[in-house]
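Heads up: the structure comes next, in structure tokens.
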Protein chains: 2
Amino acid sequence: MAKGFRSDLSRRERQIMDILYRQGRASAAEVLAGLPDPPGYSAVRALLRILEEKGHVRHEGEGKRYVYLPMQPRQNAAQSALRQVLHTFFGGSIENAVATLLSDQDTQLSEEELARLADLIDQAREGEKQP
Amino acid sequence: MAKGFRSDLSRRERQIMDILYRQGRASAAEVLAGLPDPPGYSAVRALLRILEEKGHVRHEGEGKRYVYLPMQPRQNAAQSALRQVLHTFFGGSIENAVATLLSDQDTQLSEEELARLADLIDQAREGEKQP
DNA sequence: GCTGTCATGCTAAAATTTTAGCATTACCTT
DNA sequence: AAGGTAATGCTAAAATTTTAGCATGACAGC
């Protein structure tokens with residue numbers, strides 16, 4: 001799987017991969033429901049088949065219908081996506097990215113969430129100190 | 001500007017926008033140099049013109065050549081990109097995203113960077129406590 | 001059995017994207 | 001002046017993506 005595979009995807013391919021990662025797995029009908037400016041059912045199925053041919057997706061039978069899953073593990077894809085955003089918009093800086101998130105009204109954290117985040121940082125610092 | 005405008009861009013459009021955000025501004029030649037599997041110079045120019053027609057980009061004369069800049073401010077685009085990744089891969093959770101970054105070998109933080117990050121969280125907690 | 005609904009496999013046309021090339025201009029160097 | 005290089009404006013063809021529709025199969029309900 002190419003490093004920047006998400007930027008190698010066409011518009012619709014990308015939209016579909018995002019739905020599959022968000023939901024973990026989805027039928028063609030579920031993918032259709034999640035698409036912006038959705039085409040018809042058969043258009044979605046054709047795209048899913050293409051994504052499968054390209055190796056980005058696989059399907060499993062579930063009852064009498066297919067359900068599609070991303071081939072690349074979620075964790076890998078998530079890391080890759082995060083790195084790409086850091087690189088593109090934040091010069092690679094985690095600090096700047098976190099600052100942006102913390103200052104963003106739409107992603108406001110509760111007291112409890114901030115506490116857990118602080119714990120996370122502390123653990124990373126402890127791990128850093130022990131050689 | 002549509003909310004998820006990056007997922008509305010075609011493959012090459014998206015690659016070009018990312019270069020413009022990373023570099024802040026770029027000539028056609030610079031964009032060309034940054035593209036994976038690059039086409040010819042005139043292909044890049046044509047794409048920049050299309051992006052400009054669509055309103056994503058504007059150009060300024062700089063000496064005897066054009067330099068292109070994104071229309072949407074970097075901060076907005078950055079926030080939007082981060083939110084999209086959070087939503088797609090982390091169920092909207094900042095904590096999970098930060099945990100992933102901290103556990104990622106490729107984005108390892110120094111002691112000093114962790115300290116600054118901890119400060120950032122503390123400031124957000126202070127801000128949270130004062131009504 | 002028939003009808004309706006949901007599904008798949010497949011095709012190919014429509015739409016969009018991507019690409020390169022031509023004509024022209026502006027310079028620098030010989 | 002001629003040649004070379006870099007640039008722009010523009011066009012349209014090539015390539016790719018996106019889309020819908022047909023044929024078929026599997027069920028369920030009447």
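Numbered from 1 within each chain, the chains take letters A, B, ... in sequence-line order.
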Can you tell me the distance, in whole Å, between the [atom1] atom of [X] and the [atom2] atom of [N]?
X	N	atom1	atom2	value
B:Gln15	C:dT17	CD	P	14 Å
A:Ile16	D:dT19	CD1	P	9 Å
B:Leu51	D:dG9	CG	C1'	17 Å
B:Asp8	C:dA15	CG	P	20 Å
B:Arg11	C:dT19	CZ	C1'	11 Å
B:Leu32	D:dA7	CG	P	10 Å
B:Arg14	C:dT17	CZ	C1'	16 Å
A:Ile50	D:dA15	CD1	C1'	14 Å

### Task
Could you pick out which residue, A:Pro38 or B:His59, lies toward the 5' side of DNA chain D when each is mapped onto its nearest nucleotide?
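Its nearest nucleotide being more 5', the pick is B:His59.
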### Task
Look at the aromatic rings of B:Tyr66 and B:His59 and report parallel, tilted or perpendicular, splitting at 30° and 60°.
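Answer is parallel, since the angle falls under 30°.
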Which of these nucleotides, [options], is closest to any side-chain atom of [X]?
X	options	answer
A:Lys54	D:dT19, C:dT18, D:dT17	D:dT17
B:Arg49	C:dT8, C:dC10, D:dT11	D:dT11
A:Arg12	C:dA20, D:dT18, C:dA7	D:dT18
A:Ala46	C:dG21, D:dT8, D:dA20	D:dA20
B:Glu13	C:dA20, C:dT11, C:dT18	C:dT18
A:Pro39	D:dT19, D:dT8, C:dA20	D:dT19

### Message
Assess whether a salt bridge exists between B:Arg58 and B:Glu60, defined as any Lys/Arg side-chain N lying under 4.0 Å from an Asp/Glu carboxylate O.
### Response
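Between B:Glu60 and B:Arg58 there is a salt bridge, with a charged N closer than 4.0 Å to a carboxylate O.
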### Ion pair B:Arg49/B:Glu53, N-O distance below 4.0 Å
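Result for this pair is no, no salt bridge flagged.
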Can you tell me if the side-chain N/O atoms of [X] get under 4.0 Å from OP1 or OP2 in [N]?
X	N	answer
B:Tyr41	D:dT8	yes
B:Arg45	C:dT19	no
A:Tyr66	C:dA7	no
B:Ser10	C:dT18	yes

### Query
Same hydrophobic cluster for A:Leu35 and A:Ile50, using side-chain heavy-atom links shorter than 4.5 Å among ILVMFWY?
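Result: no, two separate clusters.
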### Query
Please walk me through it: do B:Leu101 and A:Gln79 pass side-chain contact (heavy atoms from CB on, under 4.5 Å)?
CA-CA 7 Å; B:Leu101 285 173; A:Gln79 280 191 346; over 6 Å; no
